[in-house]
S.K.: 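Let me give you the structure first, and then I'll get to my questions.
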Amino acid sequence: MRVGFGYDVHRLVRERKLILGGVEIPYEYGLLGHSDADVLVHALMDALLGALALGDIGKHFPDTDPQFKGISSMLLLKEVKKLLQEKGYRVNNADILVVAEHPKLAPFIEAMRENIADMLETETDRINIKATTTEGLGFTGTGEGMAAYAVVTICKNPAS
Ligand code: MG
């Protein structure tokens with residue numbers, strides 16, 4: 001068993017879609033970034049790459065590379081899953097925390113869990129997603145941005 005940790009932050013701006021866990025969430029602001037800026041999936045990918053000791057998403061998907069401009073982060077997650085499989089591992093579980101003052105994410109959490117479980121070829125009950133506010137404090141509290149943290153454990157596949 002191996003453990004990985006990930007953290008990411010993106011700025012909230014007007015005229016961007018808000019995509020979290022591959023789900024488009026109706027909101028007047030969205031996250032700014034080279035890709036779709038899915039901060040939740042970015043934290044998760046960094047955690048998976050960390051568990052594999054394969055660096056970070058900046059190394060695998062540089063934001064200077066035009067092929068990743070506007071790309072769905074779920075497609076990047078698919079690439080990370082391939083690396084996981086190539087190394088002979090599978091996801092044991094993931095716990096992901098999104099830090100955002102608004103909007104309320106509860107109605108979208110199940111769809112996010114299903115998206116991520118499907119992409120990682122695992123069961124939904126191995127993927128936890130939760131959200132918190134920071135009580136108005138800091139950049140997440142003012143709505144300047146969102147942050148996400150992820151912890152994952154991965155297991156070696158049995159030898160076949
Ligand atoms: Mg990011």
Side-chain angles (χ1 to χ4, degrees), residues 2-85 87 89 91 93-106 108-109 111-120 122 127-134 137-154:
R2 301 176 74 138
V3 179
F5 171 71
Y7 172 67
D8 195 29
V9 169
H10 281 268
R11 184 183 293 274
L12 278 164
V13 294
R14 289 194 182 272
E15 290 168 15
R16 286 274 298 186
K17 286 179 181 172
L18 177 59
I19 313 280
L20 290 173
V23 177
E24 187 176 333
I25 296 168
Y27 190 46
E28 56 199 302
Y29 298 91
L31 294 168
L32 183 64
H34 187 65
S35 66
D36 66 358
D38 188 331
V39 69
L40 184 161
V41 172
H42 290 191
L44 173 61
M45 290 193 289
D46 258 354
L48 288 164
L49 291 168
L52 291 165
L54 285 177
D56 60 28
I57 57 173
K59 176 179 160 185
H60 292 268
F61 314 111
D63 64 8
T64 48
D65 190 332
Q67 71 168 309
F68 302 125
K69 186 165 169 55
I71 197 171
S72 165
S73 297
M74 292 300 287
L75 294 177
L76 303 179
L77 182 62
K78 190 176 188 176
E79 296 305 308
V80 172
K81 180 198 64 184
K82 284 185 200 162
L83 294 171
L84 188 79
Q85 290 175 339
K87 290 270 181 178
Y89 283 89
V91 172
N93 80 304
D95 188 16
I96 310 163
L97 172 64
V98 180
V99 186
E101 202 69 21
H102 301 287
K104 282 272 169 262
L105 299 179
F108 307 100
I109 296 272
M112 295 179 200
R113 291 176 69 208
E114 281 168 24
N115 271 352
I116 287 169
D118 286 352
M119 188 55 84
L120 294 177
T122 190
I127 308 295
N128 191 62
I129 298 176
K130 56 204 180 188
T132 189
T133 71
T134 49
L137 297 169
F139 71 86
T140 51
T142 59
E144 211 176 331
M146 285 186 183
Y149 300 82
V151 176
V152 300
T153 57
I154 60 173

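In each ligand, atom 1 is the first atom listed, and ligand 1 is the first ligand listed. Keep in mind the model is a prediction, meaning the values are calculated, not measured.
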S.K.: Working to the nearest 0.5 Å, report the span between CE of M45 and CG of D56.
M.R.: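 Reported value, rounded in 0.5 Å steps: 10.5 Å.
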S.K.: Can an N, O or S atom be found in D8 less than 2.8 Å away from the Mg ion (ligand 1)?
M.R.: yes
S.K.: Is the ring pair Y149/F5 parallel, tilted or perpendicular, if the boundaries are 30 and 60 degrees?
M.R.: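 Answer is tilted, since the angle falls between 30° and 60°.
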S.K.: Name of the H42 N, O or S atom nearest the Mg ion (ligand 1)?
M.R.: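 The H42 atom nearest to the Mg ion (ligand 1), restricting to N, O or S, is ND1.
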S.K.: If we count only N and O atoms by modelled type, under 3.5 Å, do the side chains of Y29 and R16 hold a donor and an acceptor together?
M.R.: no
S.K.: Could you tell me whether K69 and D63 make a salt bridge, using a distance below 4.0 angstrom between a side-chain N and a carboxylate O?
M.R.: no
S.K.: Give the atom name of whichever N/O/S atom in H10 sits closest to the Mg ion (ligand 1).
M.R.: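 Answer by atom name: NE2.
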